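These notes concern the structure reproduced below.
None of the values given here were measured: they were computed from a predicted structure. Side chains included, hydrogens not; waters and symmetry mates left out as well; all remaining heavy atoms used.
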Amino acid sequence: MSSHFQPKSLLFYGTMIGSVTILFRFTSAYGETHLKAPPNINGHYLISEPLAGCSESDRLMLVIQQSGVYINGTLTLVEAETTASSQANTLTEENPSLAGRWKDQAITLSGTTKLADCQLEAQSSSNAAIPVTLEGNLTGEPVKELTGQLTLGSTQLAFTAEREMRETKSEGH
């Protein structure tokens, strides 16, 4: 008779298999009840308020990319009349220039942006990067709106941004 089939060995292996099974069930039950993935906040948010120093027909568009609680963003100018149609679909999603976090429906982003068509105090030339800070709260299920405070250089703007609901192409991830 092999040493693996002795009562002590069988008791040892049975105890180990039972312990692993119980630990797996406990961990699975905990994860299902306490661990939830954050809602998707990726998207384009059109800020409805005009920015002083920019054309009256231009609006700021915030593009948010999310990875869990970490977010990246890009702030660009778009024409308000054509945003919902062709221009929103042709926005180039360059390397994000804003980085931040999302926690309890509140987001914070900071970084720099270039707004060539605007004459802002912080911008000495049309190619100068402007420091940006954005703090806001997301509302809706799914998220439909972002309200908060935007600081572009020394210009401050209380804003409301509506999320543009549009179909996105799957990238095979």
Side-chain angles (χ1 to χ4, degrees), residues 31 34-55 57-173:
H34 297 297
L35 302 177
K36 303 288 182 203
N40 181 4
I41 62 171
N42 284 338
H44 293 73
Y45 295 81
L46 180 64
I47 297 176
S48 56
E49 292 78 13
L51 184 62
C54 297
S55 169
S57 66
D58 288 341
R59 295 293 183 264
L60 289 171
M61 173 74 73
L62 175 64
V63 179
I64 294 179
Q65 299 166 339
Q66 173 189 17
S67 177
V69 297
Y70 299 100
I71 54 176
N72 293 314
T74 305
L75 197 60
T76 57
L77 276 178
V78 294
E79 290 183 33
E81 293 80 28
T82 59
T83 301
S85 60
S86 62
Q87 191 169 2
N89 293 326
T90 60
L91 275 176
T92 56
E93 296 186 20
E94 59 196 49
N95 292 334
S97 57
L98 306 174
R101 290 196 65 172
W102 177 66
K103 182 178 182 183
D104 298 328
Q105 296 302 100
I107 67 169
T108 56
L109 284 165
S110 61
T112 60
T113 191
K114 294 180 182 181
L115 300 175
D117 296 337
C118 294
Q119 300 302 318
L120 300 172
E121 291 176 27
Q123 205 171 0
S124 59
S125 72
S126 63
N127 260 350
I130 305 168
V132 176
T133 304
L134 184 142
E135 295 177 352
N137 291 308
L138 298 159
T139 56
E141 258 321 302
V143 174
K144 294 181 181 174
E145 192 175 76
L146 170 64
T147 57
Q149 183 76 27
L150 173 67
T151 306
L152 283 162
S154 60
T155 304
Q156 292 190 347
L157 174 69
F159 71 90
T160 300
E162 187 173 325
R163 184 177 183 183
E164 288 193 346
M165 297 299 185
R166 45 189 199 136
E167 294 182 26
T168 58
K169 295 179 183 175
S170 176
E171 295 179 12
H173 294 285

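Nearest approach of Tyr45 to Ala161, heavy atoms of both residues: CB-CB, 3.9 Å. Minimum interatomic distance between Gln66 and Ile41 (heavy atoms only, all atoms of both residues): OE1-N, 2.8 Å. Among all heavy-atom pairs drawn from Ala129 and Lys114, the shortest one is CA-CG, 4.0 Å. Pro39 approaches Trp102 most closely through the heavy-atom pair CD-CH2, 3.2 Å. The shortest heavy-atom contact between Glu135 and Thr108 is CG-CG2, 4.0 Å.
Separation of atoms CZ (Arg59) and CG (Leu46) is listed at 8.0 Å; rounding is to 0.5 Å. For the atom pair CD1 of Ile64 and CG of Leu138, the computed distance is 6.5 Å after rounding to the nearest 0.5 Å. The distance from the CG atom of Leu62 to the NE2 atom of His44 is 9.5 Å, given to the nearest 0.5 Å. Distance CD1/Ile47 to CG/Leu75: 5.5 Å, rounded to 0.5 Å. A distance of 7.5 Å separates CG of Leu134 from CG of Leu98, quoted to the nearest 0.5 Å. In this structure, CG on Leu109 lies 4.0 Å from CD1 on Ile71, to the nearest 0.5 angstrom.
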Under the criterion side chain to side chain contact (heavy atoms under 4.5 Å, CB included), I'd like the reasoning laid out for Thr139 against Lys144: C-alpha separation, chi angles, the key distance, then a yes or no.
CA-CA 6 Å; Thr139 56; Lys144 294 181 181 174; 6.0 Å; no

If you apply the rule side chain to side chain contact (heavy atoms under 4.5 Å, CB included), what do you find for Lys103 with Val69, and how did you get there?
CA-CA 7 Å; Lys103 182 178 182 183; Val69 297; over 6 Å; no

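A donor-acceptor pair is defined here as one N or O able to donate and one able to accept, closer than 3.5 Å; such a pair exists between the side chain of Ser97 and the backbone of Thr112. Although no hydrogens or angles enter the test, the distance criterion places no donor-acceptor pair under 3.5 Å between the side chain of Thr74 and the main chain of Val63. With hydrogens and angles disregarded, no donor-acceptor distance shorter than 3.5 Å links the side chain of Arg101 to the backbone of Ala106. With Asn72 contributing its side chain and Gln65 its backbone, the two residues share no donor-acceptor pair below 3.5 Å.
For CD of Glu162, the number of neighbouring non-hydrogen atoms (other residues, nucleotides, ligands) closer than 6.0 Å is 12 at most.
At a threshold of 4.5 Å between non-hydrogen side-chain atoms, the residues Leu60 and Leu77 count as touching.
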